[in-house]
Amino acid sequence: MTNILIIILSSLGAIFILLAAIGFVRMPDAYLRISVTTKAVTLGVGLILASAAIYFDNLSVTSRVLAIVLFIILTSPVGAHLIGRASYFSGNKLWEKSVTDELDGKYQPNSHRLSSGEEFEDEDEKRKKKIKERDLL
């Protein structure tokens, strides 16, 4: 019975990793590629590691597998977010059929600052305000 479970889990993991590889090749832009690979590879590796924990049936192996799966689940979305953010800020274009760009107009390229909806103050205006405040003091 455990052999069947191991075969099922490892096969499903391999299928998810295969789908991630296919999705990486077929997706039209970097942001969709990041999304596909992050989700599918995380699930695929988790399933393969779960099958390894069942196969070895040892507490030390199982605890290592749980630690690795937890680490992957915690770091994979963060890494994907940072790669996507750096890609957007470096000027990588969205797919032409993308419906919305939620960061459009909220990013200031010269200072790399994001706004939560308020308009940016020009850097010159800020300097002028500081100079006026100093002159008044």
Side-chain angles (χ1 to χ4, degrees):
M1 182 62 186
T2 58
N3 288 339
I4 295 172
L5 186 61
I6 292 168
I7 291 170
I8 290 171
L9 287 176
S10 60
S11 298
L12 282 174
I15 288 171
F16 275 106
I17 292 173
L18 176 67
L19 290 175
I22 292 170
F24 184 79
V25 172
R26 295 200 37 111
M27 290 296 135
D29 69 348
Y31 309 106
L32 293 173
R33 289 180 187 138
I34 292 168
S35 175
V36 166
T37 55
T38 300
K39 294 172 184 165
V41 169
T42 301
L43 183 59
V45 169
L47 290 171
I48 289 175
L49 287 172
S51 68
I54 294 170
Y55 176 78
F56 288 108
D57 195 25
N58 188 351
L59 183 61
S60 68
V61 172
T62 304
S63 62
R64 289 178 190 164
V65 163
L66 289 175
I68 292 169
V69 168
L70 180 68
F71 181 75
I72 289 173
I73 288 172
L74 291 175
T75 59
S76 182
V78 174
H81 174 78
L82 291 176
I83 291 170
R85 183 179 168 123
S87 179
Y88 185 83
F89 291 160
S90 67
N92 196 354
K93 301 291 182 197
L94 293 172
W95 182 36
E96 64 269 358
K97 293 183 182 178
S98 293
V99 178
T100 60
D101 180 5
E102 294 184 9
L103 291 179
D104 189 30
K106 296 180 182 177
Y107 171 63
Q108 193 174 24
N110 58 357
S111 66
H112 299 292
R113 289 188 338 193
L114 285 173
S115 169
S116 61
E118 301 95 35
E119 294 298 319
F120 287 110
E121 291 186 56
D122 215 346
E123 294 296 325
D124 294 332
E125 290 179 23
K126 284 185 179 182
R127 283 190 218 117
K128 288 177 186 177
K129 283 183 183 179
K130 287 181 182 179
I131 291 170
K132 285 181 184 179
E133 289 174 2
R134 272 190 268 153
D135 290 342
L136 292 174
L137 295 176

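Because the structure is predicted, anything quoted here is derived from the model rather than measured. Along the sequence shown, residues are numbered consecutively beginning with 1.
Residues Ile73 and Ile48 share a hydrophobic cluster, clusters being chains of Ile/Leu/Val/Met/Phe/Trp/Tyr side chains in contact below 4.5 Å. Under the 4.5 Å side-chain heavy-atom criterion for Ile, Leu, Val, Met, Phe, Trp and Tyr, Val69 and Leu12 are members of the same hydrophobic cluster. Under the 4.5 Å side-chain heavy-atom criterion for ILVMFWY residues, a single connected hydrophobic cluster contains both Phe89 and Leu94. Residues Trp95 and Ile34 do not share a hydrophobic cluster, clusters being chains of Ile/Leu/Val/Met/Phe/Trp/Tyr side chains in contact below 4.5 Å. Residues Leu5 and Leu47 share a single hydrophobic cluster, defined by chaining ILVMFWY side chains whose heavy atoms lie under 4.5 Å apart.
Val41 is not listed as a side-chain neighbour of Phe16, based on a closest heavy-atom distance of 4.5 Å or more. Using a 4.5 Å heavy-atom cutoff, the side chains of Asp29 and Arg33 are not in contact.
Looking at every heavy atom in both residues, Val36 comes nearest to Leu19 through CG1-O, 4.4 Å. Across Thr38 and Ala80, no two heavy atoms sit closer than the pair OG1-CB, 3.1 Å. Among all heavy-atom pairs drawn from Thr37 and Ala20, the shortest one is CG2-O, 4.1 Å. Minimum interatomic distance between Thr42 and Ser76 (heavy atoms only, all atoms of both residues): OG1-OG, 3.1 Å. The nearest pair of heavy atoms linking Val61 to Ala53 is CG1-CA, 4.4 Å.
Distance check, rounded to the nearest 0.5 Å: CD1 of Ile83 to CG of Asn92 gives 12.0 Å. Distance CD1/Ile4 to CG/Leu9: 12.0 Å, rounded to 0.5 Å. Summarising the geometry, atom CG belonging to Leu82 is positioned 12.0 Å from atom OG belonging to Ser87; distances are rounded to the nearest 0.5 Å.
Heavy-atom neighbours of Leu74 CG from other residues, nucleotides or ligands within 6.0 Å: above the threshold of 12.
Just one residue in the list Thr62, Ile6, Leu49 forms a side chain to side chain contact (heavy atoms under 4.5 Å, CB included) with Ile54, and that residue is Ile6.
Tyr31 places no side-chain N or O within donor-acceptor distance of the main-chain N or O of Arg85, the cut-off being under 3.5 Å. Under a 3.5 Å cut-off, the side chain of Ser11 and the backbone N or O of Ile7 do form a donor-acceptor pair.
Residues Asp101 and Tyr88 bring a donor and an acceptor atom of their side chains to less than 3.5 Å of each other.
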